[in-house]
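We're numbering straight along the sequence, starting at 1. Please read all numbers here as calculations on a predicted model, not as lab measurements. Whatever order the structure lists them in is the order used to number ligands and atoms, beginning at 1.
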Amino acid sequence: MNIYHDDVFQMACDQFEVIADYLTIDKNDRDRLMYPKRSVAVTLPVHMDDGSTQTFQGYRVQHHLTLGPTKGGTRFAPSLSMGETAALAMWMSWKCALANLPYGGAKGGIACDPTKLSRRELEAVSRRYMQEMIPFVGPHTDIMGPDMGTNEQVMAWFMDTYSMYTGYTVNEIVTGKPVTVGGTEGRREATGRGVVYLIDRAMSMLKMNPEKSTAIIQGFGNVGAVAALALAMKSGVKITGISDAYVAIFEPKGIDVQAAEQHVMKKGNLRGFMEQAHIAPGEMLVQKCDILAPCAVDRVITDKNADKLQCRIIAEGANGPTTPEADLILNQRWDEVFVIPDILCNAGGVIVSYFEWVQGLQAFLWTETEVADKLYRIMEHSFAQVIKRAKQDKVSHRTAAMAIGVERVMKAKKTRGLFP
Ligand code: NAD
């Protein structure tokens, strides 16, 4: 399967093989579960502001269609490849199944740097991508959402483009839309809030006092900034480290996260904020803290730093932040470091996306309190199941979480049978 050749896809496959061995999945069933069902690559020619035409590469991977339509975010990042997209789609499958959502996993995106595009160029790239995807997606086939480098506005352009071609408004084709065009209350904050809900649960299990705890958060975007604000303002945790793609800041006395948010709203990133406290990004991760929340990119906790981490809880807001080699080290340190694995920790986004899709299909609106309440109920249930399974089988939280997800997909495939 050379089209998926990529280090991140290999990592997702390696993780799957660990689970397949633990669940003693028959060799005949492994590839069927692991490889994506459908993948599409599209070429997107776009008029740029300087009069040139630039060609971008876009992808969409639908991992499995066994439990319902596929669901997954759209990433705009310079290095995006088909393999990385496939890995993210596979993780989405296990995440949706763990939360018991009627979806298979998907992921898509464009290899581009959205920070280097003007607003007009970003709109043109986004609309051209959705237009190319029309034959492959649909509210009952594959529903898109946001991910790194995309936001509510991009989702609104996707929805508008799809609707223009259909001839009527199709809200339910994307989630993560602005509330003014059918988005659900609380979707933007859902992933970060879910991360913090589980950090609070873990702190309470471990009998930690939030007001005496500190947190370092990598990534200050949709997930990281919301998590930092909620941890500081609601849970009372002191935030001692934050970072983005440009700078990392570490201040043991605490960081004013609201001021950091204001700075990013004005300047676009953390450059120029608390310059006296800047630190090398890699160094920030290994500073002493109670909670370490990687909320940016994949593969930042590796065999090079896993034994140096000085935190009690790792809350994986990002997808794939820990490599399988680092997992082996963290598994040895299970009584020192409590890991909340990505497919559990950041599931808040897809859970509230599911609510948005249901509301779109039914043309029915829920309040933010209803959304938050339903979100926490699902997260609580998933957390309890993972903790129970890990204890019962003496396996890591990641193995327990993935096993529950993989098992659900496998059971559904077995029950449906193999066509024809
Ligand atoms: P975003 O684009 O809103 O923010 C990403 C942040 O990470 C930015 O602050 C960016 O500057 C920073 N960043 C990028 N590269 C970095 C690097 N090398 N080191 C440190 N910081 C870096 O993206 P997001 O939506 O917050 O997504 C972050 C992560 O969470 C991704 O792994 C994504 O797949 C995952 N996730 C997002 C959602 C969601 O609902 N948005 C849901 C589940 C998982």
Exercise. Check each heavy atom of Ala225 against ligand 1 and say whether those closer than 4.0 Å belong to the side chain, the backbone, both or neither.
Key: neither
Self-check item: Polar atom proximity, Ala245 to ligand 1 (N or O, under 3.5 Å)
Solution: yes
Quiz item: What residue and atom, counting heavy atoms only, is the protein's closest point to atom 4 (O) of ligand 1, and at what distance?
Solution: Gly221 CA, 3.2 Å
Quiz item: Ser243 and Gln218: side-chain donor and acceptor closer than 3.5 Å?
Solution: no
Quiz item: Roughly how far apart are Ile249 CD1 and Ile216 CD1, rounded to 0.5 Å?
Solution: 12.0 Å
Quiz item: Looking at the rings of Trp94 and His64, which for Trp means the six-membered one, are their centres under 6.0 Å apart?
Solution: no
Quiz item: Can you tell me the protein heavy atom closest to atom 31 (C) of ligand 1 and the distance?
Solution: Ala296 O, 3.1 Å
Quiz item: Between Trp357 and Lys71, is there a cation-pi geometry (under 6.0 Å to ring centre, at most 45° from the normal)?
Solution: no
Exercise. State plainly whether the residues Glu316 and Arg398 are in salt-bridge range, i.e. N to O under 4.0 Å.
Key: yes
Exercise. For Arg75 and Glu84, run salt bridge (Lys or Arg N to Asp or Glu O under 4.0 Å): C-alpha distance rounded to whole Å, both residues' side-chain angles, the deciding distance at 0.1 Å, then the answer.
Key: CA-CA 10 Å; Arg75 180 173 288 197; Glu84 184 182 7; 3.1 Å; yes
Self-check item: Which residue and heavy atom of the protein sit nearest atom 41 (N) of ligand 1, plus the separation
Solution: Asn222 OD1, 3.6 Å
Quiz item: With a 4.5 Å heavy-atom cut-off, do Met92 and His63 have their side chains touching?
Solution: no
Quiz item: Under 3.5 Å, N or O to N or O, is Gly349 touching ligand 1 that way?
Solution: no
Quiz item: So which bit of Val297 gets within less than 4.0 Å of ligand 1, heavy atoms only: side chain, backbone, both or neither?
Solution: side chain
Quiz item: What is the nearest protein non-hydrogen atom to atom 28 (C) of ligand 1, stated with its residue, atom name and distance?
Solution: Cys295 O, 3.4 Å
Quiz item: Considering only heavy atoms, which of Thr191, Asp147, Asp244 lies nearest to atom 42 (C) of ligand 1?
Solution: Thr191
Exercise. State if Met92 counts as touching ligand 1 under the rule of any non-hydrogen atom under 4.0 Å.
Key: no
Self-check item: Proximal ligand 1 atoms for Arg187, defined as those under 4.0 Å from one of its heavy atoms
Solution: 40 (O)
Quiz item: Does any N or O atom in Phe220 lie less than 3.5 angstrom from one in ligand 1, N or O only?
Solution: yes
Quiz item: Quick one: does Pro281 get a heavy atom under 4.0 Å from ligand 1?
Solution: no
Exercise. For a side chain to side chain contact (heavy atoms under 4.5 Å, CB included) with Thr161, tell me which candidate from Arg128, Arg127, Met133 qualifies.
Key: Arg127
Quiz item: Hey, mind stepping through Ile340 and His397 against side chain to side chain contact (heavy atoms under 4.5 Å, CB included) and telling me if it holds?
Solution: CA-CA 7 Å; Ile340 313 176; His397 295 158; 6.0 Å; no
Quiz item: Is Asn319 close to ligand 1, meaning an N/O of one under 3.5 Å from an N/O of the other?
Solution: yes
Quiz prompt | Phe158 ring center within less than 6.0 Å of Tyr129 ring center | solution = yes
Quiz item: Around atom CD of Gln258, are there more than 12 heavy atoms of other residues, nucleotides or ligands at under 6.0 Å?
Solution: no
Quiz item: Which residue supplies the protein heavy atom nearest to atom 23 (O) of ligand 1, what is that atom called, and how far is it?
Solution: Met148 CG, 3.2 Å
Quiz item: Of the choices Pro114, Gly145, Gly149, Gly317, which has the non-hydrogen atom that lies closest to atom 2 (O) of ligand 1?
Solution: Gly149
Quiz item: Of all the atoms in ligand 1, which lie at a distance below 4.0 Å from a heavy atom belonging to Ala318?
Solution: 29 (C), 30 (O), 32 (O), 35 (C)
Practice problem: Consider every N or O of Val223 and every N or O of ligand 1, then say whether any pair is closer than 3.5 Å. | Solution: yes
Practice problem: Heavy-atom contacts with Arg75 under 4.0 Å: which atoms of ligand 1 show up? List them by number with element. | Solution: 31 (C), 32 (O), 33 (C), 34 (O)
Quiz item: Is there side-chain contact between Tyr103 and Thr70, with at least one heavy-atom pair below 4.5 Å?
Solution: no
